[in-house]
Undergrad: 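The structure follows.
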Amino acid sequence: MRVPVELLAATPTGPWSLALMALLVLGDAFFVVIPGEIAVTALGALAVSSGTPPLWAVILCAAAAAMLGDTACYLIGRFVGIERWRWMRAPRVRQALSWAQRRLDTGTATVLFTARFVPFARLAINLVAGASRIHPPRYFAVVALAATGWAAYQAAVGAAIAAILPGGPLVAIPVSIVVAIGIGLLIDLGTRRPRR
């Protein structure tokens, strides 16, 4: 059975597209395999190529979900700690948490802001920030700025691709997803080299 092209193009513009994207971004704060970045980039492309949902709504919802996810990780670190569960004591996780602690000791605001753009680093940094009991008002202010910057950046990648490429959402969304994955891979490569 063939699905009409119009139906495929209209599906992401429905009322649940922002809610689904927000859930993916929220889940991405805990599980790096969830494609939160890709969802924001795809909806950014859709916003420009079809006009729905509005780009400002994509950025606002993505920023709110990112801040909520990062804050939840902070609260887990603050009230549960970073050694309670067995997975937290695994050698690779301990290494990541130690790395996060060293980074937070050298520049809290810079590290919190930068970590929002690096998937596994954001989880470790936010857990350690909570466990380190970084002053909540300072933490929330930096995380709000980081989440908004991240959401605007991710949506702008999709929006720029949609503005450049002709063909509407059926072209802009897949291309923006490929670009988002490529940017993610480059960031991962760039963050691995200094650690070696």
Undergrad: For residues Phe30 and Phe79: do they belong to one hydrophobic cluster (side chain heavy atoms under 4.5 Å, members Ile, Leu, Val, Met, Phe, Trp, Tyr)?
TA: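 In one cluster: yes.
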Undergrad: Would Trp150 and Val40 count as a side chain to side chain contact (heavy atoms under 4.5 Å, CB included) if you check the C-alpha gap in whole Å, the side-chain angles of each, and the deciding distance to 0.1 Å?
TA: CA-CA 10 Å; Trp150 172 85; Val40 178; 3.9 Å; yes
Undergrad: Among residues at least two apart in sequence or on other chains, which ones pass side-chain hydrogen bond (donor to acceptor under 3.5 Å, both in side chains) with Arg122?
TA: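 In terms of side-chain hydrogen bond (donor to acceptor under 3.5 Å, both in side chains), with neighbours along the sequence ignored, Arg122 is linked to Asp28, Glu37.
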Undergrad: Mind checking whether Val142 and Leu145 have side chains closer than 4.5 Å, heavy atoms only?
TA: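 Heavy-atom side-chain distance check fails, nothing below 4.5 Å.
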Undergrad: Please work out which of the three classes, parallel, tilted or perpendicular, describes the rings of Phe140 and Tyr74, given edges at 30° and 60°.
TA: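 Correct class here is perpendicular.
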Undergrad: Hydrophobic clusters here meaning ILVMFWY residues chained together by side-chain heavy-atom distances under 4.5 Å, can you tell me if Leu23 and Val33 are in one?
TA: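 No; Val33 is not reachable from Leu23 via cluster members.
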Undergrad: Give the cluster check for Leu60 versus Val157: same hydrophobic cluster or not, with ILVMFWY residues linked at side-chain heavy-atom distances below 4.5 Å.
TA: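 No, because Leu60 and Val157 fall into different hydrophobic clusters, even though each may have its own neighbours under 4.5 Å.
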Undergrad: Roughly how far apart are Leu68 CG and Leu75 CG, rounded to 0.5 Å?
TA: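 The CG atom of Leu68 sits 9.5 Å away from the CG atom of Leu75.
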Undergrad: Shortest non-hydrogen contact from Pro54 to Ala47?
TA: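 Looking at all heavy atoms of both residues, the closest pair is C-CB, 4.1 Å.
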Undergrad: As a quick check of understanding, evaluate side chain to side chain contact (heavy atoms under 4.5 Å, CB included) for Val143 and Asn126, giving each step before the final call.
TA: CA-CA 9 Å; Val143 164; Asn126 287 304; 4.3 Å; yes
Undergrad: Rounded to the nearest 0.5 Å, what separation is found between the SG atom of Cys61 and the CG atom of Leu20?
TA: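 So the gap between those two atoms works out to 11.5 Å.
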Undergrad: Decide yes or no on side chain to side chain contact (heavy atoms under 4.5 Å, CB included) for Leu43 and Leu46, but give the supporting numbers first.
TA: CA-CA 5 Å; Leu43 275 188; Leu46 189 65; 3.7 Å; yes
Undergrad: Please check if Tyr139 and Leu123 belong to a single hydrophobic cluster, counting links between Ile, Leu, Val, Met, Phe, Trp and Tyr side chain heavy atoms closer than 4.5 Å.
TA: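 Tyr139 clusters together with Leu123.
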Undergrad: If I compare all heavy atoms of Ala163 with all of Val48, which pair ends up nearest, and what's the gap?
TA: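 Closest pair (atom of Ala163, atom of Val48, distance): N-CG1, 3.9 Å.
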Undergrad: I'd like to know if Leu127 and Val32 are part of one continuous hydrophobic network [Ile/Leu/Val/Met/Phe/Trp/Tyr, side-chain heavy atoms within less than 4.5 Å].
TA: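 Same hydrophobic cluster.
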Undergrad: Could you tell me the separation between the CE atom of Met21 and the CH2 atom of Trp16, rounded to the nearest 0.5 Å?
TA: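 Rounded to the nearest 0.5 Å, the CE-CH2 separation comes out at 14.0 Å.
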Undergrad: Who pairs with Ala144 by side chain to side chain contact (heavy atoms under 4.5 Å, CB included), at least two apart in sequence or on another chain?
TA: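 Scan of Ala144 (side chain to side chain contact (heavy atoms under 4.5 Å, CB included), adjacent residues dropped) gives Met67.
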Undergrad: Strictly distance-based, threshold 3.5 Å: is any side-chain N or O of Thr41 a donor or acceptor partner for the main-chain N or O of Ala155?
TA: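 No, the answer is negative, given that no donor and acceptor are paired below the 3.5 Å cut-off.
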Undergrad: Do you know the tightest heavy-atom contact between Gly44 and Val58?
TA: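 Result for this residue pair: N-CG1, 4.1 Å.
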Undergrad: Minimum heavy-atom separation for Ala65 and Ala22, please, with both atom names.
TA: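 In terms of heavy atoms, the two residues are closest at CB-O, 3.4 Å.
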Undergrad: Enter the distance from Phe31:CZ to Leu26:CG here, rounded to the nearest 0.5 Å.
TA: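 These two atoms lie 10.0 Å from each other.
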Undergrad: Can you check whether Arg78 reaches Pro136 side chain to side chain, under 4.5 Å on heavy atoms?
TA: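 Answer yes - side chains close enough.
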